[in-house]
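Note sheet for the following structure.
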Amino acid sequence: MSIPLPFDNSYARLGAPFLASVLPTPVSAPRLVKLNRRLARDLGLDPDALATPEGVAVLAGNAIAGGSEPVATAYAGHQFGSFVPQLGDGRAILLGEILGLDGIRRDIQLKGSGPTPFSRRGDGRAALGPVLREYIVSEAMAALGIPTTRALAAVTTGDLVARETALPGAILTRVAASHIRVGTFQFFAARKDVDGLRRLADHVIARHYPEASASPEPYRALLAGVIARQAALVARWMHVGFIHGVMNTDNMSVAGETIDFGPCAFMDVTNPSTVFSSIDYMGRYAYKNQPGIAHWNLARLAEALLPLLADDPAAAVEIANDALAGFVSAYDDADLAGLRQKLGLLNPREEDSALAYDLLTRMAAQKVDFTLTFRRLSDAAANPEADGARALFAEPEAFDAWAAAWRARLAHEADVGASQAAMRHANPAFIPRNHLVEAALAAAVEAQNFAPFEELVTVLAKPYEDQPDHAALAAPPAQIDAAYQTFCGT
Ligand code: AMP
Ligand code: MG
(Lines give C-alpha, C1' and ligand atoms only; values in the text may rest on other atoms or scores of the structure.)
(Ligands and ions follow the chains in the order given, each with its own letter.)
Protein backbone atom coordinates (compact mmCIF):
# COMPACT_ATOMS: atom_id res chain seq x y z
CA MET A 1 0.00 0.00 0.00
CA SER A 2 1.39 3.37 -0.86
CA ILE A 3 0.30 6.91 -0.16
CA PRO A 4 -1.24 8.79 -3.08
CA LEU A 5 0.30 12.11 -4.04
CA PRO A 6 -1.43 14.66 -6.30
CA PHE A 7 0.80 14.15 -9.32
CA ASP A 8 0.07 15.78 -12.67
CA ASN A 9 2.85 14.75 -15.02
CA SER A 10 3.48 16.76 -18.17
CA TYR A 11 7.09 15.82 -18.97
CA ALA A 12 6.42 12.07 -18.79
CA ARG A 13 3.83 12.54 -21.52
CA LEU A 14 6.55 13.62 -23.96
CA GLY A 15 7.66 9.99 -24.08
CA ALA A 16 10.84 8.63 -25.70
CA PRO A 17 13.45 9.86 -26.54
CA PHE A 18 12.91 12.56 -23.92
CA LEU A 19 13.04 9.97 -21.19
CA ALA A 20 13.07 6.34 -20.21
CA SER A 21 10.58 4.87 -17.79
CA VAL A 22 12.39 3.33 -14.86
CA LEU A 23 11.53 2.35 -11.31
CA PRO A 24 13.68 3.26 -8.33
CA THR A 25 15.63 0.33 -6.92
CA PRO A 26 14.51 -0.54 -3.38
CA VAL A 27 16.89 -0.01 -0.48
CA SER A 28 17.29 -2.18 2.59
CA ALA A 29 16.50 0.04 5.57
CA PRO A 30 15.10 3.47 4.76
CA ARG A 31 15.26 6.02 7.55
CA LEU A 32 14.04 9.58 7.31
CA VAL A 33 16.79 11.89 8.52
CA LYS A 34 15.24 15.18 7.42
CA LEU A 35 11.87 16.30 6.19
CA ASN A 36 11.26 19.86 5.02
CA ARG A 37 7.82 20.26 6.54
CA ARG A 38 7.38 23.86 5.47
CA LEU A 39 8.18 23.03 1.86
CA ALA A 40 5.87 20.00 1.97
CA ARG A 41 3.00 22.22 3.10
CA ASP A 42 3.79 24.82 0.41
CA LEU A 43 3.53 22.01 -2.12
CA GLY A 44 0.13 21.04 -0.74
CA LEU A 45 1.52 17.81 0.72
CA ASP A 46 0.87 16.53 4.22
CA PRO A 47 4.19 16.38 6.08
CA ASP A 48 2.80 13.94 8.64
CA ALA A 49 1.83 11.53 5.87
CA LEU A 50 5.30 11.80 4.35
CA ALA A 51 6.85 10.96 7.71
CA THR A 52 4.89 7.70 8.09
CA PRO A 53 6.60 4.44 7.06
CA GLU A 54 4.50 4.51 3.86
CA GLY A 55 5.65 8.05 3.13
CA VAL A 56 9.28 7.26 3.84
CA ALA A 57 9.02 4.24 1.55
CA VAL A 58 8.11 6.64 -1.26
CA LEU A 59 10.99 8.98 -0.40
CA ALA A 60 13.36 6.00 -0.46
CA GLY A 61 12.07 4.61 -3.73
CA ASN A 62 10.75 1.44 -2.03
CA ALA A 63 7.17 2.27 -2.97
CA ILE A 64 5.64 4.18 -5.85
CA ALA A 65 3.11 6.79 -4.85
CA GLY A 66 -0.22 6.69 -6.62
CA GLY A 67 -0.09 9.01 -9.64
CA SER A 68 3.67 8.81 -9.96
CA GLU A 69 5.14 7.91 -13.39
CA PRO A 70 8.85 7.49 -12.66
CA VAL A 71 11.20 8.40 -15.50
CA ALA A 72 14.85 9.23 -16.07
CA THR A 73 15.27 12.15 -18.44
CA ALA A 74 17.72 12.30 -21.34
CA TYR A 75 20.17 15.14 -21.81
CA ALA A 76 23.58 15.89 -23.24
CA GLY A 77 26.10 18.47 -22.12
CA HIS A 78 29.44 20.16 -22.30
CA GLN A 79 31.46 18.90 -19.36
CA PHE A 80 34.48 21.12 -18.68
CA GLY A 81 34.24 22.25 -22.29
CA SER A 82 33.96 18.82 -23.94
CA PHE A 83 30.69 17.77 -25.49
CA VAL A 84 29.08 14.51 -24.39
CA PRO A 85 26.09 13.71 -26.64
CA GLN A 86 24.34 11.55 -24.07
CA LEU A 87 24.34 11.97 -20.32
CA GLY A 88 20.88 11.86 -18.78
CA ASP A 89 19.65 11.13 -15.26
CA GLY A 90 22.13 8.47 -14.24
CA ARG A 91 21.19 8.50 -10.59
CA ALA A 92 18.04 10.53 -10.45
CA ILE A 93 14.46 9.54 -11.11
CA LEU A 94 11.68 12.02 -11.72
CA LEU A 95 8.63 10.81 -9.80
CA GLY A 96 6.30 13.34 -11.34
CA GLU A 97 5.06 16.92 -11.06
CA ILE A 98 2.94 18.57 -8.42
CA LEU A 99 1.09 21.86 -8.50
CA GLY A 100 1.95 23.76 -5.34
CA LEU A 101 -0.42 25.97 -3.36
CA ASP A 102 0.97 28.85 -5.43
CA GLY A 103 -0.26 27.09 -8.58
CA ILE A 104 3.29 26.55 -9.82
CA ARG A 105 4.17 23.15 -11.28
CA ARG A 106 7.23 21.53 -9.78
CA ASP A 107 9.19 18.34 -10.34
CA ILE A 108 9.58 15.87 -7.50
CA GLN A 109 12.76 13.89 -8.08
CA LEU A 110 14.67 11.26 -6.17
CA LYS A 111 18.46 11.63 -6.39
CA GLY A 112 20.44 8.51 -5.57
CA SER A 113 17.59 6.06 -6.16
CA GLY A 114 19.41 3.46 -8.24
CA PRO A 115 20.57 2.86 -11.79
CA THR A 116 18.75 4.05 -14.90
CA PRO A 117 19.34 3.46 -18.61
CA PHE A 118 21.59 6.55 -18.45
CA SER A 119 23.83 5.38 -15.61
CA ARG A 120 26.74 4.35 -17.83
CA ARG A 121 29.26 2.93 -15.36
CA GLY A 122 27.76 4.63 -12.32
CA ASP A 123 25.87 2.87 -9.54
CA GLY A 124 22.94 5.30 -9.54
CA ARG A 125 23.47 5.97 -5.85
CA ALA A 126 24.43 8.92 -3.68
CA ALA A 127 26.41 9.06 -0.45
CA LEU A 128 25.04 10.69 2.69
CA GLY A 129 27.59 13.52 2.77
CA PRO A 130 26.77 14.99 -0.66
CA VAL A 131 23.03 14.54 -0.02
CA LEU A 132 23.27 16.57 3.18
CA ARG A 133 25.49 19.15 1.45
CA GLU A 134 22.85 19.65 -1.24
CA TYR A 135 20.15 19.84 1.43
CA ILE A 136 22.02 22.50 3.40
CA VAL A 137 23.19 24.61 0.49
CA SER A 138 20.04 24.51 -1.64
CA GLU A 139 17.86 25.45 1.34
CA ALA A 140 20.31 28.19 2.30
CA MET A 141 20.11 29.59 -1.23
CA ALA A 142 16.32 29.58 -1.05
CA ALA A 143 16.40 31.46 2.25
CA LEU A 144 18.82 33.97 0.74
CA GLY A 145 16.14 34.60 -1.89
CA ILE A 146 18.15 33.12 -4.76
CA PRO A 147 16.30 30.96 -7.31
CA THR A 148 17.19 27.34 -6.61
CA THR A 149 15.98 23.80 -6.54
CA ARG A 150 14.82 22.79 -3.08
CA ALA A 151 15.31 19.86 -0.74
CA LEU A 152 12.13 18.16 0.45
CA ALA A 153 13.68 15.23 2.30
CA ALA A 154 16.78 13.19 2.96
CA VAL A 155 16.67 9.50 3.82
CA THR A 156 19.46 7.10 4.57
CA THR A 157 19.20 3.79 2.78
CA GLY A 158 20.83 1.35 5.15
CA ASP A 159 23.11 0.35 2.25
CA LEU A 160 26.72 1.27 1.63
CA VAL A 161 27.89 2.95 -1.54
CA ALA A 162 31.36 2.22 -2.85
CA ARG A 163 33.38 5.37 -3.35
CA GLU A 164 37.04 5.74 -2.38
CA THR A 165 35.80 4.08 0.79
CA ALA A 166 32.43 2.53 1.58
CA LEU A 167 30.04 5.28 2.64
CA PRO A 168 26.48 5.30 3.97
CA GLY A 169 24.02 5.71 1.11
CA ALA A 170 21.25 8.30 1.04
CA ILE A 171 18.56 9.70 -1.22
CA LEU A 172 17.61 13.33 -1.62
CA THR A 173 14.10 14.29 -2.66
CA ARG A 174 14.63 17.33 -4.82
CA VAL A 175 12.01 19.84 -5.91
CA ALA A 176 12.59 21.98 -8.99
CA ALA A 177 10.64 24.26 -11.31
CA SER A 178 11.82 21.64 -13.76
CA HIS A 179 14.95 19.62 -14.40
CA ILE A 180 15.25 20.75 -18.02
CA ARG A 181 18.78 21.86 -18.74
CA VAL A 182 20.72 23.59 -21.48
CA GLY A 183 22.01 20.07 -22.09
CA THR A 184 18.47 18.83 -22.72
CA PHE A 185 18.31 21.09 -25.78
CA GLN A 186 21.79 19.98 -26.80
CA PHE A 187 20.61 16.36 -26.70
CA PHE A 188 18.09 16.97 -29.48
CA ALA A 189 20.37 19.30 -31.43
CA ALA A 190 23.15 16.69 -31.45
CA ARG A 191 20.70 14.12 -32.82
CA LYS A 192 19.51 16.63 -35.43
CA ASP A 193 16.02 15.93 -34.12
CA VAL A 194 14.36 19.24 -34.95
CA ASP A 195 10.90 17.93 -34.18
CA GLY A 196 12.03 16.88 -30.68
CA LEU A 197 13.78 20.20 -30.24
CA ARG A 198 10.57 22.06 -31.10
CA ARG A 199 8.48 19.93 -28.75
CA LEU A 200 10.98 20.58 -25.98
CA ALA A 201 11.00 24.31 -26.67
CA ASP A 202 7.21 24.41 -26.71
CA HIS A 203 7.09 22.54 -23.40
CA VAL A 204 9.57 24.96 -21.82
CA ILE A 205 7.71 27.99 -23.15
CA ALA A 206 4.40 26.74 -21.81
CA ARG A 207 5.92 25.86 -18.48
CA HIS A 208 8.49 28.57 -17.80
CA TYR A 209 8.12 31.38 -20.34
CA PRO A 210 4.39 31.64 -21.15
CA GLU A 211 4.88 35.28 -22.21
CA ALA A 212 7.10 34.04 -25.08
CA SER A 213 4.16 32.26 -26.71
CA ALA A 214 2.55 35.65 -27.39
CA SER A 215 5.69 36.85 -29.18
CA PRO A 216 5.83 36.82 -33.01
CA GLU A 217 9.13 34.92 -32.56
CA PRO A 218 8.49 32.62 -29.59
CA TYR A 219 11.81 30.75 -29.77
CA ARG A 220 13.78 33.95 -29.92
CA ALA A 221 11.79 35.16 -26.90
CA LEU A 222 12.53 31.86 -25.16
CA LEU A 223 16.26 32.28 -25.72
CA ALA A 224 16.14 35.88 -24.53
CA GLY A 225 14.17 34.80 -21.47
CA VAL A 226 16.65 32.09 -20.46
CA ILE A 227 19.53 34.52 -20.97
CA ALA A 228 17.87 37.16 -18.80
CA ARG A 229 17.18 34.72 -15.97
CA GLN A 230 20.68 33.27 -16.01
CA ALA A 231 22.25 36.72 -16.00
CA ALA A 232 20.20 37.66 -12.96
CA LEU A 233 20.90 34.33 -11.27
CA VAL A 234 24.67 34.39 -11.63
CA ALA A 235 24.75 37.99 -10.41
CA ARG A 236 22.96 36.80 -7.27
CA TRP A 237 25.58 34.08 -6.80
CA MET A 238 28.36 36.61 -7.07
CA HIS A 239 26.76 38.85 -4.47
CA VAL A 240 26.89 36.16 -1.81
CA GLY A 241 30.21 34.61 -2.80
CA PHE A 242 28.65 31.40 -4.09
CA ILE A 243 30.73 29.17 -6.32
CA HIS A 244 28.73 26.52 -8.14
CA GLY A 245 31.77 24.41 -8.91
CA VAL A 246 30.59 22.49 -11.98
CA MET A 247 28.86 24.87 -14.37
CA ASN A 248 28.65 22.31 -17.15
CA THR A 249 25.80 22.88 -19.59
CA ASP A 250 24.02 19.84 -18.17
CA ASN A 251 24.04 21.57 -14.78
CA MET A 252 22.35 24.75 -15.99
CA SER A 253 18.57 24.89 -15.65
CA VAL A 254 16.60 26.64 -18.38
CA ALA A 255 14.10 27.70 -15.70
CA GLY A 256 16.78 29.89 -14.14
CA GLU A 257 17.26 28.02 -10.87
CA THR A 258 20.53 27.04 -9.25
CA ILE A 259 20.73 23.29 -9.82
CA ASP A 260 23.02 20.30 -9.24
CA PHE A 261 24.86 21.21 -6.09
CA GLY A 262 28.00 19.14 -6.33
CA PRO A 263 31.33 20.53 -5.22
CA CYS A 264 29.80 23.94 -4.51
CA ALA A 265 30.94 26.27 -1.75
CA PHE A 266 30.84 29.86 -0.52
CA MET A 267 34.07 31.77 -0.44
CA ASP A 268 35.27 33.02 2.92
CA VAL A 269 38.23 35.23 2.02
CA THR A 270 37.57 37.60 -0.87
CA ASN A 271 39.57 36.11 -3.71
CA PRO A 272 38.11 36.17 -7.21
CA SER A 273 40.24 33.19 -8.26
CA THR A 274 38.72 30.94 -5.60
CA VAL A 275 37.95 27.46 -6.84
CA PHE A 276 36.93 24.61 -4.57
CA SER A 277 36.18 21.66 -6.77
CA SER A 278 38.77 18.93 -6.65
CA ILE A 279 38.04 18.05 -10.28
CA ASP A 280 38.39 21.61 -11.59
CA TYR A 281 42.13 21.49 -12.21
CA MET A 282 42.19 24.49 -14.52
CA GLY A 283 40.01 26.78 -12.41
CA ARG A 284 37.49 26.91 -15.24
CA TYR A 285 34.66 27.42 -12.75
CA ALA A 286 36.44 29.82 -10.38
CA TYR A 287 34.33 32.53 -8.73
CA LYS A 288 35.33 35.27 -11.14
CA ASN A 289 34.75 33.10 -14.22
CA GLN A 290 31.11 32.35 -13.49
CA PRO A 291 29.52 35.18 -15.52
CA GLY A 292 31.70 34.38 -18.52
CA ILE A 293 30.96 30.68 -18.25
CA ALA A 294 27.23 31.35 -18.02
CA HIS A 295 27.53 33.37 -21.22
CA TRP A 296 29.47 30.53 -22.87
CA ASN A 297 26.84 27.98 -21.80
CA LEU A 298 24.07 30.19 -23.15
CA ALA A 299 25.93 30.34 -26.48
CA ARG A 300 25.67 26.55 -26.53
CA LEU A 301 21.91 26.88 -25.90
CA ALA A 302 21.64 29.41 -28.72
CA GLU A 303 23.52 27.04 -31.03
CA ALA A 304 21.16 24.23 -30.16
CA LEU A 305 18.15 26.45 -30.87
CA LEU A 306 19.41 27.66 -34.29
CA PRO A 307 17.07 25.43 -36.34
CA LEU A 308 14.10 27.01 -34.57
CA LEU A 309 15.24 30.62 -34.78
CA ALA A 310 14.97 31.08 -38.57
CA ASP A 311 14.84 28.96 -41.72
CA ASP A 312 17.83 30.77 -43.16
CA PRO A 313 20.94 29.65 -41.20
CA ALA A 314 22.66 33.04 -41.46
CA ALA A 315 19.56 34.78 -40.18
CA ALA A 316 19.35 32.30 -37.30
CA VAL A 317 22.96 33.02 -36.30
CA GLU A 318 22.24 36.73 -36.32
CA ILE A 319 19.24 36.28 -34.05
CA ALA A 320 21.30 34.10 -31.71
CA ASN A 321 24.16 36.59 -31.53
CA ASP A 322 21.77 39.42 -30.93
CA ALA A 323 20.20 37.57 -27.99
CA LEU A 324 23.59 36.60 -26.58
CA ALA A 325 24.77 40.19 -26.68
CA GLY A 326 21.93 40.90 -24.28
CA PHE A 327 23.61 38.77 -21.62
CA VAL A 328 26.41 41.24 -21.01
CA SER A 329 24.17 44.22 -20.35
CA ALA A 330 21.67 42.12 -18.39
CA TYR A 331 24.45 40.79 -16.19
CA ASP A 332 26.07 44.17 -15.68
CA ASP A 333 22.73 45.71 -14.76
CA ALA A 334 21.89 42.92 -12.32
CA ASP A 335 25.36 43.04 -10.83
CA LEU A 336 25.29 46.77 -10.26
CA ALA A 337 21.74 46.68 -8.90
CA GLY A 338 22.76 44.03 -6.38
CA LEU A 339 25.92 45.86 -5.36
CA ARG A 340 23.90 49.03 -4.84
CA GLN A 341 21.66 47.13 -2.42
CA LYS A 342 24.71 45.76 -0.65
CA LEU A 343 25.99 49.31 -0.18
CA GLY A 344 22.64 50.89 0.67
CA LEU A 345 22.58 53.04 -2.47
CA LEU A 346 18.89 53.16 -3.19
CA ASN A 347 18.80 56.19 -5.47
CA PRO A 348 21.12 55.28 -8.32
CA ARG A 349 23.92 57.66 -9.21
CA GLU A 350 26.57 57.57 -11.89
CA GLU A 351 29.49 57.07 -9.52
CA ASP A 352 28.02 53.95 -7.85
CA SER A 353 29.67 51.47 -10.15
CA ALA A 354 33.20 52.79 -9.58
CA LEU A 355 32.57 52.97 -5.85
CA ALA A 356 31.34 49.37 -5.64
CA TYR A 357 34.11 47.85 -7.73
CA ASP A 358 36.72 49.86 -5.84
CA LEU A 359 35.55 48.23 -2.62
CA LEU A 360 35.69 44.75 -4.15
CA THR A 361 39.24 45.40 -5.36
CA ARG A 362 40.30 46.54 -1.92
CA MET A 363 38.57 43.58 -0.26
CA ALA A 364 40.49 41.18 -2.50
CA ALA A 365 43.80 42.96 -1.97
CA GLN A 366 43.29 42.88 1.80
CA LYS A 367 41.95 39.31 1.78
CA VAL A 368 39.04 40.20 4.05
CA ASP A 369 36.14 37.88 4.72
CA PHE A 370 33.58 38.58 1.98
CA THR A 371 30.39 37.96 3.97
CA LEU A 372 31.47 39.54 7.24
CA THR A 373 32.76 42.72 5.61
CA PHE A 374 29.44 43.46 3.93
CA ARG A 375 27.43 42.51 7.00
CA ARG A 376 29.45 44.86 9.18
CA LEU A 377 29.13 47.60 6.59
CA SER A 378 25.37 47.39 7.11
CA ASP A 379 25.88 48.46 10.72
CA ALA A 380 28.25 51.23 9.66
CA ALA A 381 25.66 52.76 7.33
CA ALA A 382 23.63 54.31 10.11
CA ASN A 383 26.46 54.63 12.59
CA PRO A 384 29.77 56.02 11.31
CA GLU A 385 31.35 55.03 14.63
CA ALA A 386 30.74 51.33 13.93
CA ASP A 387 34.15 50.27 12.68
CA GLY A 388 33.64 46.50 12.55
CA ALA A 389 34.26 46.36 8.83
CA ARG A 390 37.36 48.52 9.10
CA ALA A 391 38.80 46.18 11.71
CA LEU A 392 38.82 43.32 9.21
CA PHE A 393 41.33 45.09 6.99
CA ALA A 394 45.01 44.38 7.68
CA GLU A 395 45.66 47.92 6.46
CA PRO A 396 42.66 49.90 7.75
CA GLU A 397 43.72 52.95 5.70
CA ALA A 398 42.73 51.00 2.61
CA PHE A 399 39.23 50.87 4.05
CA ASP A 400 39.25 54.48 5.25
CA ALA A 401 39.97 55.89 1.81
CA TRP A 402 37.04 53.99 0.37
CA ALA A 403 34.74 54.60 3.35
CA ALA A 404 35.13 58.36 3.03
CA ALA A 405 33.84 58.18 -0.55
CA TRP A 406 31.01 55.87 0.55
CA ARG A 407 29.97 58.25 3.36
CA ALA A 408 29.93 61.13 0.91
CA ARG A 409 27.79 59.06 -1.43
CA LEU A 410 25.42 57.96 1.38
CA ALA A 411 24.82 61.64 2.13
CA HIS A 412 22.84 61.74 -1.12
CA GLU A 413 20.45 59.11 0.20
CA ALA A 414 17.21 60.50 1.57
CA ASP A 415 16.72 57.92 4.29
CA VAL A 416 19.72 56.29 5.90
CA GLY A 417 17.42 53.97 7.83
CA ALA A 418 16.05 52.63 4.55
CA SER A 419 19.61 52.22 3.27
CA GLN A 420 20.57 50.24 6.31
CA ALA A 421 17.47 48.07 6.11
CA ALA A 422 18.21 47.31 2.46
CA MET A 423 21.78 46.43 3.34
CA ARG A 424 20.74 44.13 6.13
CA HIS A 425 18.56 42.34 3.60
CA ALA A 426 21.28 42.07 0.96
CA ASN A 427 24.22 41.18 3.19
CA PRO A 428 23.60 37.92 5.02
CA ALA A 429 24.97 37.28 8.46
CA PHE A 430 24.88 33.53 7.85
CA ILE A 431 26.02 31.56 4.83
CA PRO A 432 26.86 27.84 4.68
CA ARG A 433 30.52 28.28 5.43
CA ASN A 434 32.70 25.41 4.31
CA HIS A 435 34.07 24.53 7.71
CA LEU A 436 30.56 24.36 9.18
CA VAL A 437 29.19 22.28 6.32
CA GLU A 438 32.15 19.89 6.57
CA ALA A 439 31.72 19.56 10.35
CA ALA A 440 27.99 18.87 9.99
CA LEU A 441 28.59 16.25 7.30
CA ALA A 442 31.39 14.57 9.26
CA ALA A 443 29.27 14.33 12.42
CA ALA A 444 26.39 12.80 10.46
CA VAL A 445 28.46 10.37 8.41
CA GLU A 446 30.98 9.31 11.03
CA ALA A 447 28.94 9.45 14.23
CA GLN A 448 25.29 9.42 13.08
CA ASN A 449 25.06 12.73 14.89
CA PHE A 450 22.68 14.96 12.97
CA ALA A 451 22.57 17.76 15.56
CA PRO A 452 25.14 20.02 13.80
CA PHE A 453 23.29 19.50 10.50
CA GLU A 454 19.98 20.42 12.15
CA GLU A 455 21.43 23.53 13.78
CA LEU A 456 22.97 24.67 10.51
CA VAL A 457 19.75 24.17 8.56
CA THR A 458 17.75 26.04 11.21
CA VAL A 459 20.11 29.01 11.39
CA LEU A 460 20.52 29.26 7.61
CA ALA A 461 16.75 29.53 7.22
CA LYS A 462 17.04 33.13 8.49
CA PRO A 463 20.30 34.30 6.98
CA TYR A 464 19.56 38.01 7.25
CA GLU A 465 18.70 37.98 10.95
CA ASP A 466 21.28 38.39 13.67
CA GLN A 467 20.88 35.28 15.76
CA PRO A 468 23.04 36.05 18.79
CA ASP A 469 22.63 32.54 20.21
CA HIS A 470 24.27 31.20 17.05
CA ALA A 471 26.88 33.92 16.55
CA ALA A 472 29.62 31.32 16.24
CA LEU A 473 28.08 30.15 12.97
CA ALA A 474 28.51 33.63 11.49
CA ALA A 475 32.24 33.72 12.13
CA PRO A 476 34.85 32.91 9.50
CA PRO A 477 36.94 29.81 10.14
CA ALA A 478 39.68 30.36 12.69
CA GLN A 479 42.24 29.17 10.21
CA ILE A 480 41.63 29.68 6.55
CA ASP A 481 42.03 26.42 4.74
CA ALA A 482 43.49 27.50 1.42
CA ALA A 483 43.48 23.93 0.18
CA TYR A 484 39.78 23.42 0.88
CA GLN A 485 38.17 21.23 -1.70
CA THR A 486 34.76 19.76 -2.10
CA PHE A 487 34.16 16.66 -4.05
CA CYS A 488 31.64 15.72 -6.66
CA GLY A 489 28.73 13.98 -5.04
CA THR A 490 29.18 10.71 -6.82
P1 AMP B 1 27.04 15.47 -12.17
O2 AMP B 1 28.51 15.69 -12.31
O3 AMP B 1 26.62 15.03 -10.81
O4 AMP B 1 26.24 16.63 -12.67
O5 AMP B 1 26.70 14.24 -13.12
C6 AMP B 1 27.08 14.15 -14.45
C7 AMP B 1 26.46 12.93 -15.08
O8 AMP B 1 26.91 11.75 -14.44
C9 AMP B 1 24.95 12.89 -15.03
O10 AMP B 1 24.48 12.29 -16.20
C11 AMP B 1 24.70 12.01 -13.82
O12 AMP B 1 23.43 11.41 -13.87
C13 AMP B 1 25.82 11.00 -13.93
N14 AMP B 1 26.16 10.43 -12.63
C15 AMP B 1 26.79 11.05 -11.61
N16 AMP B 1 26.94 10.21 -10.57
C17 AMP B 1 26.40 9.03 -10.92
C18 AMP B 1 26.24 7.76 -10.28
N19 AMP B 1 26.67 7.53 -9.04
N20 AMP B 1 25.63 6.78 -10.98
C21 AMP B 1 25.20 6.98 -12.24
N22 AMP B 1 25.31 8.14 -12.89
C23 AMP B 1 25.91 9.16 -12.25
MG1 MG C 1 24.48 17.18 -13.09
Side-chain angles (χ1 to χ4, degrees), residues 17-20 22-25 27 61 70-95 107 109-135 137-138 148-149 151 157 159-172 174 176-187 190 243-255 257-265 275-281 284-285 293-294 297 300-301 485-490:
F18 286 78
L19 49 88
V22 57
L23 294 177
T25 306
V27 302
V71 300
T73 74
Y75 51 85
H78 274 90
Q79 300 194 303
F80 292 92
S82 306
F83 186 64
V84 184
Q86 178 151 332
L87 292 162
D89 293 328
R91 55 164 169 169
I93 294 180
L94 174 63
L95 296 182
D107 281 0
Q109 188 204 59
L110 300 183
K111 187 169 174 182
S113 50
T116 77
F118 305 115
S119 295
R120 295 172 293 168
R121 282 181 299 278
D123 60 2
R125 292 298 182 190
L128 177 58
V131 163
L132 296 184
R133 180 195 306 286
E134 177 155 350
Y135 195 110
V137 181
S138 66
T148 178
T149 64
T157 61
D159 301 317
L160 294 175
V161 294
R163 296 296 180 257
E164 274 164 22
T165 56
L167 296 168
I171 297 173
L172 182 79
R174 178 159 74 174
S178 83
H179 286 84
I180 304 168
R181 303 140 192 276
V182 168
T184 317
F185 283 88
Q186 291 181 291
F187 173 80
I243 300 166
H244 181 284
V246 195
M247 286 178 72
N248 292 335
T249 57
D250 53 300
N251 291 337
M252 183 181 267
S253 155
V254 295
E257 291 182 334
T258 314
I259 194 171
D260 277 14
F261 296 82
C264 57
V275 44
F276 292 113
S277 167
S278 62
I279 55 171
D280 190 0
Y281 310 109
R284 179 182 171 89
Y285 298 136
I293 287 290
N297 288 349
R300 305 290 80 76
L301 175 66
Q485 290 188 324
T486 56
F487 295 89
C488 259
T490 47

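Remember, it's a predicted structure, so these values are computed and weren't measured experimentally. Every number for a ligand or one of its atoms is a count from 1 in the order of the listing.
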How about Phe80 and Tyr285: are their ring centroids closer than 6.0 Å?
->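 Yes.
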Residue list, salt bridge (charged side-chain N to carboxylate O under 4.0 Å, His left out) with Arg181, at least two apart or on another chain |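 With neighbours one apart ignored, the set is Asp260.
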Which is it for Asn251 and ligand 1 at heavy atoms under 4.0 Å: side chain, backbone, both or neither?
->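 Just the side chain.
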Within reach of ligand 1, part of Tyr75 (heavy-atom separation under 4.0 Å) |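 Answer for Tyr75: side chain.
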Which of the atoms of ligand 1 are close to [X], meaning less than 4.0 Å from one of its heavy atoms?
X	result
Gln79	6 (C)
Gly124	18 (C), 19 (N), 20 (N), 21 (C)
Arg125	19 (N)
Leu87	10 (O)
Asp260	4 (O)

Below the 3.5 angstrom mark, is there an N/O of [X], backbone or side chain, next to an N/O of ligand 1?
X	answer
Arg120	yes
Gly90	yes
Gly88	yes

Where do Asp280 and Val246 land on the side-chain contact (heavy atoms from CB on, under 4.5 Å) test, with the steps shown first?
-> CA-CA 8 Å; Asp280 190 0; Val246 195; over 6 Å; no
Show the nearest heavy-atom pair for residues [X] and [Y], with the distance to one decimal.
X	Y	answer
His78	Gln186	ND1-NE2, 2.8 Å
Ile259	His244	O-NE2, 2.7 Å
Glu134	Phe261	OE1-O, 3.7 Å
Gly90	Ser119	O-OG, 2.6 Å
Val182	Thr249	CB-O, 3.4 Å

Closer than 2.8 Å to the Mg ion (ligand 2), which protein N, O or S atoms?
->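 As for protein N, O or S atoms lying under 2.8 Å from the Mg ion (ligand 2), they are Asn251 OD1, Asp260 OD2.
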Judged by non-hydrogen atoms, does Arg163 sit under 4.0 Å from ligand 1?
->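 So Arg163 counts as touching ligand 1.
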Gly262: heavy atom below 4.0 Å from ligand 1, yes or no?
->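 It does not; every heavy atom stays at 4.0 Å or beyond.
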Would you check, one step at a time, whether the test side chain to side chain donor-acceptor pair (under 3.5 Å) holds for Asp89 with Thr73?
-> CA-CA 6 Å; Asp89 293 328; Thr73 74; 2.9 Å; yes
Looking at side-chain heavy atoms only, is the closest gap between Val22 and Ile93 below 4.5 Å?
->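 Result yes, sub-4.5 Å side-chain heavy-atom pair found.
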Minimum side-chain heavy-atom gap Leu160-Leu167 below 4.5 Å |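 Counting from C-beta outward, Leu160 and Leu167 never come under 4.5 Å.
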Report the C-alpha distance between Arg163 and Asp123 in whole Å, list the side-chain angles of each, state the deciding distance to 0.1 Å, and finish with yes or no for salt bridge (charged side-chain N to carboxylate O under 4.0 Å, His left out).
-> CA-CA 10 Å; Arg163 296 296 180 257; Asp123 60 2; 2.7 Å; yes
